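A quick write-up on the structure given underneath.
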Amino acid sequence: MSMTGRDGRDWEPTHYRTHTLGEVRDQGAQMIGHEVTVAGYAETVRGRGAICFLMLRDGTGYLQAFLKKDNMDEDTFDAMQGSSRESTIQVTGIVAQKRPPKVAEGEPEPPAEYEVNVTSGQILALAETPLPVGVSDDVNVGLDVRLDNRHLDLRRAHVNAMFQLRGNVLQYGRDHLITEGFNEMNSPKIIASASEGGTNLFPMKYFETDAYLSQSPQLYKQLAVLGGLERVFEVGPAFRAENHDTYRHLNEFISFDIEGAWMNDEDVMCVQERMIHHIWSQVAANDQNLIDIINEYRESQGDEAITVEVPSLPFPRIPYCDAIEIVKSGGGKIEWGDDIESHHCDLIAAKYPGFHFLPRWPMSMKPFYIFHDETEKGSTGGQLSRGFDLNYGRDEMTSGGQREHRFEVLEQNLRNMDLNPAEFTFYTDGFRYGAPPHAGWGLGVARLLMVLTGAGNVREVVLFPRDRNRVTP
RNA sequence: GCCCCUGUAGUGUAGUGGCCUAUCAUCCUGGCUUGUCGAGCCAGGGACACGGAUUCGAAUUCCGUCGGGGGCGCCA
């Protein structure tokens, strides 16, 4: 005997239950008269004296347990009738058809529903009252209160759906990269020095030595490629000690990172758009139930429903020089060599609201390890690079590029940026013994989820976000 | 780091110097109810972030502290 799990597959029964709630709900017709043991959270407890209705919830759905004082031990009955919302309860009983609810004259009869007529059971864990976050309350709880009580927030249907979707998205991304020959790897998160210039590192003590939390797997995935793994990817955390406080930044975030040998920037942009296309296609094909749950909540809050529109390929490419012109013609103040800031992105997004690549940034704006072709110059004669971003609307999802594989050029790039090559040997040493041309990118998983779920804040789609003001829970 | 906004029961809110012994919903506690399903009915409970100032009088005005939100920079 197996039971039907949340994913629709057969699960082995466990010590605490013979069936899932969704299974009894869906297949109750064939189960009438059979004894089942189920368990779940008590979402509501409606008492009527000598009878009691317990609405149980597990990962698969809802099922009503019907308790009658005459049918069971009286102390057990009283305990369950007096239990608080969100307590976990196990019941054993006989599957039966529910009595149909009263319907107004002329209304159609609703389809048959099933319940468990309880004969025995126990409270597994009683919930304290009151709940800091009402799981089914019709109030709009603030994000900070929710994050302080994420374990309860997660019991809410739409929140739970978002994180199920997140897990699926990671799986679809992995699946796609594996079909393209990428090998999953893991890089160290404790490092002795910067693996990528620019951002602030979190210092830590590694025994008697100073060390840092890794800000990026950049160097390590390159070394793996140099070593002949050819195509690698990693899904892992990056840590950045920056004092930003916006809807799209965290100090710890998960990135989807790839690196591939014998590839240039255009090659890995193609990998990325195929991967995103695959993720969106799979979500559209498999996860409409989760999207529906999210939309049910959104509609209750007066928010517009989200739809999964699979983006068409290829994504538009808007080279930096063209992007500057779009910003200028939209009234933005910008010159060649300036960074494209958020308010500039708004102007570009007006023309390209979906996914779009911004390739060929000025070399002067990119790190020393980005590849450049000396024949590629910008409209004012500045050196262009093979670095790119991927934006969705105004938001940056990815940055990536072809990497410089020639040792001498790496050293020259450092000198051009007034950096001392002697201080970057941790990076450049890997390139002394020959290196294939290669390229890669890092994609913010939470930012991708924001697009997919319509979340207005990256914290919505990160279980336990870490920002400047939050290290707990 | 800079700029702007904000802090009222467990949660979400009303409140603009006296009508506040502070509104409403949800919630919580107790009681009634042998078919509820947004259960119902009855009774009860719970808050002005903290410290100072102005004033006859402060939830309301001002200052400080500590929280929270938004924007910018930078980034994924």
Side-chain angles (χ1 to χ4, degrees), chain A residues 43-55 62-71 77 81-82 84-86 96-103 110 113 115 117 127-149 152-153 156 196-200 215-218 236-257 300-301 339-346 365 367 389-392 395-400 441-451 456-459 462 467-470:
Chain A
E43 184 148 312
T44 59
V45 184
R46 286 190 282 269
R48 288 185 65 86
I51 64 172
C52 174
F53 304 94
L54 203 60
M55 184 56 80
Y62 295 87
L63 188 71
Q64 178 168 282
F66 176 60
L67 285 72
K68 205 174 200 173
K69 212 166 201 168
D70 303 343
N71 293 347
F77 177 89
Q81 192 174 48
S84 47
R85 298 193 301 166
E86 295 304 313
Q97 191 172 145
K98 270 175 81 171
R99 291 202 187 166
K102 296 183 194 87
V103 290
E113 293 187 82
E115 65 182 6
N117 285 175
E128 285 182 21
T129 60
L131 298 168
V133 174
V135 171
S136 55
D137 292 4
D138 189 21
V139 288
N140 181 25
V141 186
L143 185 57
D144 203 50
V145 173
R146 290 175 50 202
L147 292 178
D148 283 341
N149 300 279
L152 282 175
D153 182 48
R156 305 202 296 165
E196 182 184 357
T199 59
N200 299 319
Q215 68 190 146
S216 162
Q218 176 65 32
F239 305 91
R240 301 203 180 159
E242 290 172 351
N243 275 328
H244 39 215
D245 196 7
T246 79
Y247 67 90
R248 62 190 186 280
H249 286 94
L250 293 173
N251 294 295
E252 174 184 296
F253 64 93
I254 302 296
S255 81
F256 230 121
D257 261 273
S300 80
Q301 299 300 306
D339 197 9
I340 300 176
E341 295 168 0
S342 288
H343 56 282
H344 297 136
C345 289
D346 288 332
M365 300 177 61
D389 284 356
L390 175 76
N391 280 27
Y392 182 92
D395 294 318
E396 184 177 334
M397 300 280 127
T398 296
S399 82
W441 41 256
L443 166 65
V445 170
R447 290 190 180 178
L448 204 58
L449 262 295
M450 280 176 78
V451 174
N457 192 311
V458 72
R459 292 161 181 78
V462 175
D467 62 36
R468 187 163 51 160
N469 302 309
R470 180 178 289 282

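Fair warning: this is a prediction, and the values are worked out from it, not measured in the lab. Residue numbers begin at 1 in each chain, while the letters A, B, ... track the order of the sequences.
Between C37(B) and R48(A), no contact under 4.0 Å exists linking OP1 or OP2 to a side-chain N or O. Between H343(A) and G73(B) there is a side-chain polar atom (N or O) within less than 4.0 angstrom of OP1 or OP2. Close to G10(B), at under 4.0 Å from its OP1 or OP2, lies no side-chain N or O of T129(A). Proximity of S399(A) to the phosphate of A76(B): a side-chain N or O atom is located under 4.0 Å from OP1 or OP2. Residue N457(A) has a polar side-chain atom (N or O) positioned under 4.0 Å from OP1 or OP2 of G70(B).
If you check A49(B) for Watson-Crick or wobble pairing at under 3.5 angstrom, you find it paired to U65(B). Across all strands shown, the partner of C2(B) is G71(B), judged by Watson-Crick or G-U wobble contacts whose two distances both fall under 3.5 Å. Base pairing annotation: C28(B) forms a Watson-Crick or G-U wobble pair with G44(B), both donor-acceptor distances under 3.5 Å. With both pairing distances under 3.5 Å, A9(B) is matched to nothing as a Watson-Crick or G-U wobble pair. Of the nucleotides present, none pairs with U23(B) by Watson-Crick or G-U wobble criteria with both distances under 3.5 Å. Nucleotide U54(B): unpaired (no Watson-Crick or G-U wobble partner with both distances less than 3.5 Å). Pairing partner, U34(B): none, since no Watson-Crick or wobble contact has both distances short of 3.5 Å.
The shortest distance between side-chain heavy atoms of Y62(A) and M55(A) falls below 4.5 Å.
R248(A) and S342(A) share a side-chain donor-acceptor pair at under 3.5 Å.
Taking only distance into account, the side chain of R248(A) never meets the base of A76(B) through a donor-acceptor pair shorter than 3.5 Å. Side-chain to base pairing of R447(A) with C75(B): one donor and one acceptor N or O lie within less than 3.5 Å of each other. Between the side chain of E115(A) and the base of G35(B), at least one donor-acceptor pair of N or O atoms lies under 3.5 Å.
Counting non-hydrogen atoms under 4.0 angstrom, T246(A) reaches a base of the nucleic acid.
Residue R459(A) contributes atom CZ, which lies 7 Å from atom P of G69(B) at whole-angstrom precision. Atom CG in D137(A) sits roughly 14 Å away from atom P in U13(B) (whole-Å rounding). As a whole-Å value, the separation of D144(A) CG from C5(B) C1' is 16 Å.
We find that the ring of Y247(A) and the base of G70(B) do not stack by the test of centres under 5.5 angstrom and planes tilted less than 30°.
Annotation: C63(B) and U6(B) have their P atoms spaced 12 Å apart (nearest Å). Comparing G31(B) with A25(B), their P atoms sit 23 Å apart, to the nearest whole Å.
Closest approach to the E341(A) side chain among U34(B), U36(B), G73(B) is made by G73(B) (side chain taken as heavy atoms from C-beta onward). Comparing C74(B), U11(B), G10(B) against the side chain of P130(A) picks out G10(B) as the nearest.
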